[in-house]
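Remarks on the structure that follows.
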Amino acid sequence: MTTTPALQKTQLLIGGAWRDASDQGTYCDANPATGASIADVADATREDVTAAVSAARRAFDTGKWPTMAASRRAKIVYRLAQLIAERSADLALLEVRDNGKTIGTAKGELGAIVDTFEFYAGAATKNYGESLPPPLPTYLAATVREPVGVVGAIVPWNFPLLLASWKVAPALAAGCTIVLKPSSVTPLTAVELGKLALEAGVPEGVLNVVTGATREIGAWLVEHPDVDKIAFTGSTATGKVVAATAARTLKRVTLELGGKSPSVVFDDADVDAAVAGALYGVYYNAGQCCEARTRILVHDRVYDRFVSSFTEKAQRLRLGDPEDPTTQIGAITNADQYDKIKAYCEIGASEGARALFGAAPADVGAAFAAGSFWSPTAFEAEGSHRIAREEIFGPVATFIRFADEAEAIALANASEYGLAASVWCTNIARANRVARAIRCGSVAINTPYAVFPGVPFGGYKQSGYGRELGMETMRLYTETKSVLTYVGEKPMNPFGV
Ligand code: NAD
């Protein structure tokens with residue numbers, strides 16, 4: 001049973017010191033499952049964001065972090081991973097109370113966060129440049145990878161600490177300094193990350209954390225001329241604004257944006273495994289997942305069997321108290337998102353899509369009457385329906401039939417997004433053929449899982465650009481510098497002076 005924790009008061013981390021917002025402003029952060037206030041959060045002003053950027057700039061331009069031996073930086077990042085592992089139970093509970101996700105989900109994320117910091121601790125010492133063929137016999141030529149500078153890391157509310165780790169870990173490993181801006185609705189674990197980073201030995205000013213109630217905080221970071229790179233995860237609409245604003249100062253930008261990813265179920269699939277995987281793929285984290293497999297494309301021959309088994313199993317998913325380890329689906333993280341899900345269910349019905357189940361708020365008991373819970377929902381839809389095309393970001397599946405492989409591929413690609421896909425099929429030749437034909441960043445064959453440290457993750461099309469989680473991510477936190485050394489016998493004298 002959920003207990004009410006003491007109201008926490010948070011501050012901003014700027015230049016290694018914790019401080020209130022310059023105008024003492026705060027805002028209230030609530031638990032979406034209970035509606036209870038859980039924290040009084042510092043509401044950064046533009047002056048605070050400027051101070052955080054200045055601290056990061058100073059730490060980059062005059063501090064030791066960017067030029068420190070990579071092996072030393074690696075040890076600090078690894079130490080941070082260990083501290084997160086030691087505090088993972090508390091961090092998981094904090095994430096549950098701030099976000100409404102289930103404790104099981106949060107614990108899984110904490111494991112992945114530790115893995116991510118460990119992975120990039122290792123990457124710090126493998127940030128190789130190249131030895132190049134000499135352009136002239138009297139030259140040596142090489143490239144070195146240098147940190148890109150000050151990184152503005154902007155994260156959404158669905159996986160607050162996990163998505164922060166995808167940015168902070170490679171940025172630290174590369175020698176960058178950072179201003180981390182969590183979503184206003186889930187700021188608490190970012191604040192804890194700031195504390196642990198200082199404890200791990202990350203020098204002051206290298207990681208700054210600014211929280212706040214307004215979206216402007218992110219915009220101020222993107223506009224600031226002293227920020228060299230923006231690593232952004234969020235909606236496609238906001239991502240476009242970020243890219244346009246960042247272009248004014250030619251910042252480097254990585255965009256991890258929205259999705260409308262398919263699960264493609266062929267007639268030779270192991271239907272039970274496909275049902276289990278597709279259920280998880282769409283309802284995991286209450287569907288508030290960028291790579292959620294919300295479009296379930298099923299071959300005519302197995303469609304009825306698949307849909308009836310999916311429907312029967314979906315009714316058995318356990319919704320409710322996010323702190324109960326047996327709960328499988330928690331709360332919708334914020335009221336706006338809840339309203340959006342409700343509106344899309346109404347749009348689906350008005351467009352003629354047929355609701356198979358759900359499409360209504362979930363009653364999970366009096367203790368959570370003030371929380372936001374939505375029932376797992378599924379519609380039989382057509383590709384043209386808005387609910388089958390637009391990102392809902394909630395527990396809403398759409399089923400669409402297909403007759404053959406070509407139609408399956410066409411339907412899978414009939415989306416402005418291109419983040420991920422699952423293919424369910426026992427013919428491995430076909431599974432790989434289809435995987436290659438779907439235009440998206442990750443394809444998971446016979447599994448809903450596609451996200452692991454070390455495996456690049458990111459989008460095609462309107463799902464963004466750049467990749468997180470891979471070794472290639474290190475390139476996105478570095479610049480290439482070419483170093484040419486003249487090694488001729490005689491000094492150079494091009495003008496013969
Ligand atoms: P959002 O775009 O509203 O906000 C994301 C972050 O950007 C928040 O911290 C927000 O405060 C900030 N922000 C808002 N306006 C800004 C601006 N003009 N300039 C700079 N920053 C600004 O997204 P959200 O509602 O918090 O998150 C849900 C979205 O995130 C979904 O579309 C989802 O698909 C996407 N997402 C993508 C991935 C991925 O890896 N591709 C992962 C998780 C979530």
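No experiment lies behind these values; they were computed from the predicted model shown. Remember, it's 1-based here, ligands and their atoms both numbered in the order they're listed.
- A side chain to side chain contact (heavy atoms under 4.5 Å, CB included) with L297 is found for exactly one of F402, F399, W424, namely F402.
- Remark: ligand 1 atoms within the under-4.0 Å shell around heavy atoms of V242 are 19 (N), 20 (C).
- For the pair E468 and ligand 1, the shortest N or O to N or O distance does not fall below 3.5 Å.
- Less than 4.0 angstrom separates some heavy atom of V155 from each of these atoms of ligand 1: 6 (C), 8 (C), 9 (O).
- Distances between N or O atoms of L257 and those of ligand 1 include at least one value under 3.5 Å.
- With a 4.0 Å heavy-atom cut-off, ligand 1 is reached by no atom of L221.
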Check step by step if side chain to side chain donor-acceptor pair (under 3.5 Å) holds for R145 and T480. CA-CA 5 Å; R145 311 281 325 168; T480 300; 2.4 Å; yes

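- In the vicinity of C290, heavy-atom distances shorter than 4.0 Å reach the ligand 1 atoms 34 (O), 36 (N), 37 (C), 38 (C), 39 (C), 40 (O), 41 (N), 42 (C), 43 (C), 44 (C).
- Between atom 27 (O) of ligand 1 and the options A190, G458, P156, the minimum heavy-atom separation is to P156.
- Interface atoms of ligand 1 facing I154, defined by a heavy-atom separation under 4.0 Å, are 6 (C), 7 (O), 9 (O), 12 (C), 20 (C), 21 (N).
- Relative to atom 32 (O) of ligand 1, the option among Q337, E391, E223 with the closest non-hydrogen atom is E391.
- Side-chain atoms of R46 and E216, non-hydrogen and from C-beta on, never get closer than 4.5 Å to each other.
- In this structure, W166 has its ring center no closer than 6.0 Å to that of F159.
- For D20, the side chain to side chain donor-acceptor pair (under 3.5 Å) partners two or more places apart in sequence, or in a different chain, are Q11.
- Salt-bridge annotation for K167 and E256: absent, with no side-chain N of the basic residue lying under 4.0 Å from a carboxylate O of the acidic one.
- Contact check for I438 versus V423: side-chain heavy atoms found under the 4.5 Å cut-off.
- Here the shortest heavy-atom distance to atom 21 (N) of ligand 1, taken over G239, G218, G258, belongs to G218.
- Looking at G464, S235, P160, G152, it is S235 that brings a heavy atom closest to atom 2 (O) of ligand 1.
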